[in-house]
Amino acid sequence: MENTEAKNNPYYSRTDTTKLNISNDEWKKILAPDLYAIAREAATERAFTGKYNEFDEIGEYYCAVCGNHLFRSTSKFSSSCGWPSFFEADKEGVYYVRDQSYGMDRVEVLCKRCDSHLGHVFDDGPKPTGLRYCMNSISLEFVADAQK
C-alpha cells in the first residue's frame, strides 16, 4: 500500500531518524486534509473504517507523515475495537503524553520523529506486554516484507 503522501513530502524518509521541527502551517501545505486532522490536530478516524483494521499482511508499519518506523506486523492483533491494534511499539519510534481531553484520562501515542498523533495506548492488551496500541490507520503506512 503505497503512501501517496510521501511523493509531495520533502520530510518523508524511512531511513532518516533526525527529529523534525516543522510548523503545523508547513504540514498543512504538505499533508492531505484527513491526515493533517488526525496527525496534527489529534482527530480520530471513525471506528471500523480504517484500511488496516482488518489487515493481516506481514511487514512493517511506518508513520504516514514522516516515514519513521513504528510497529512490526507480528505485534498486531485483532482487538475488535474498530482500530488497528498492536501489543508492542518500536521504542525508538514513539513517545507518550498524558491526554485528558473529552473528560477521559488516556495516554496518547505520538511519532518520536515528527510529533504526529498516532492514537492511544491502553493496558487491556494481550501478553506479553498487556498493552493495546489503538492506532488510526490513516497515520500508518504499511510496507510488506515482500516489497523490501
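Keep in mind that the numbers below use all heavy atoms, side chains included, and drop hydrogens, waters and symmetry copies.
Summarising the geometry, atom SG belonging to Cys66 is positioned 8.5 Å from atom CG belonging to Asn9; distances are rounded to the nearest 0.5 Å. In this structure, the separation between CG on Asp16 and OH on Tyr11 is 12.5 Å, given to the nearest 0.5 Å. Here the CD-OG distance, from Glu57 to Ser73, works out to 9.0 Å after rounding to the nearest 0.5 Å. Interatomic distance, Asp124 CG to Cys134 SG, rounded to the nearest 0.5 Å: 9.0 Å. The line from CD of Glu92 to CG of Asn68 is 9.5 Å long, rounded to the nearest 0.5 Å.
Counting non-hydrogen atoms of other residues, nucleotides and ligands closer than 6.0 Å to CD of Glu54 gives a total of 12 or fewer. Other residues, nucleotides and ligands contribute over 12 non-hydrogen atoms within 6.0 Å of the NZ atom of Lys19. In Asn21, the CG atom is not crowded: 12 or fewer heavy atoms of neighbouring residues, nucleotides or ligands sit closer than 6.0 Å. No more than 12 heavy atoms of other residues, nucleotides or ligands sit less than 6.0 Å from atom CG of Asp123.
In terms of heavy atoms, Leu31 sits closest to Leu35 at CD2-CD2, 3.9 Å. Between Ser137 and Asn53, the closest heavy-atom pair is OG-N, 3.8 Å. Tyr62 approaches Val143 most closely through the heavy-atom pair CE1-CG2, 3.8 Å. Nearest heavy atom pair, residue His117 against residue Ser139, reads O-OG, 3.2 Å. Minimum interatomic distance between His120 and Asp99 (heavy atoms only, all atoms of both residues): NE2-OD2, 2.7 Å. The shortest non-hydrogen separation linking Leu70 to Cys63 is CD1-N, 3.4 Å.
A salt bridge between Lys112 and Asp90 is absent, with no side-chain N of the basic residue lying under 4.0 Å from a carboxylate O of the acidic one. Electrostatic pairing of Arg98 and Glu108 does not count as a salt bridge here, judged by no charged N lying under 4.0 Å from a carboxylate O. A salt bridge is absent between Arg40 and Asp25: the closest approach of a Lys/Arg side-chain nitrogen to an acidic carboxylate oxygen does not fall below 4.0 angstrom.
Leu131 and Phe122 are not part of a single hydrophobic cluster, where members link through side-chain heavy atoms under 4.5 Å apart. A single hydrophobic cluster is not seen to contain both Leu110 and Leu118; linkage of ILVMFWY side chains at heavy-atom distances under 4.5 Å, directly or through other members, places them apart. Follow the hydrophobic side-chain contacts under 4.5 Å out from Val94 and you reach Val107 in the same cluster. The hydrophobic cluster containing Val121 does not contain Phe87, counting ILVMFWY residues as joined when their side-chain heavy atoms lie under 4.5 angstrom apart, directly or transitively.
Under a 3.5 Å cut-off, the side chain of Arg106 and the backbone N or O of Gln100 do not form any donor-acceptor pair.
A heavy-atom distance below 4.5 Å is not found between the side chains of Asp34 and Glu45. A heavy-atom distance below 4.5 Å is not found between the side chains of Phe142 and Lys51. Residues Pro84 and Phe55 have side chains not in contact (no heavy-atom distance under 4.5 Å, counting atoms from C-beta outward). Between Pro10 and Ile30, the closest side-chain pair of non-hydrogen atoms falls below 4.5 Å. When side chains are defined from C-beta on, Trp83 does not count as touching Met135, because their heavy atoms never get closer than 4.5 Å. Residues Tyr36 and Asn24 form a side-chain contact, since some pair of their non-hydrogen atoms from C-beta on lies under 4.5 Å apart.
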Evaluate Tyr102 against Thr44 for side-chain contact (heavy atoms from CB on, under 4.5 Å), listing each step before the verdict. CA-CA 12 Å; Tyr102 305 107; Thr44 302; over 6 Å; no
Checking Asp145 against Arg72 for the side-chain contact (heavy atoms from CB on, under 4.5 Å) test, could you report, in this order, the C-alpha distance in whole Å, the side-chain angles of both residues, the deciding distance, and whether it holds? CA-CA 10 Å; Asp145 282 357; Arg72 174 77 184 147; 2.7 Å; yes
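In this pair, Tyr61 and Phe86 present their aromatic rings perpendicular. The plane angle is above 60°, beyond the 30 to 60° band. Ring geometry, Tyr96 versus Tyr133: the interplanar angle falls from 30° to 60°, so the pair is classed tilted.
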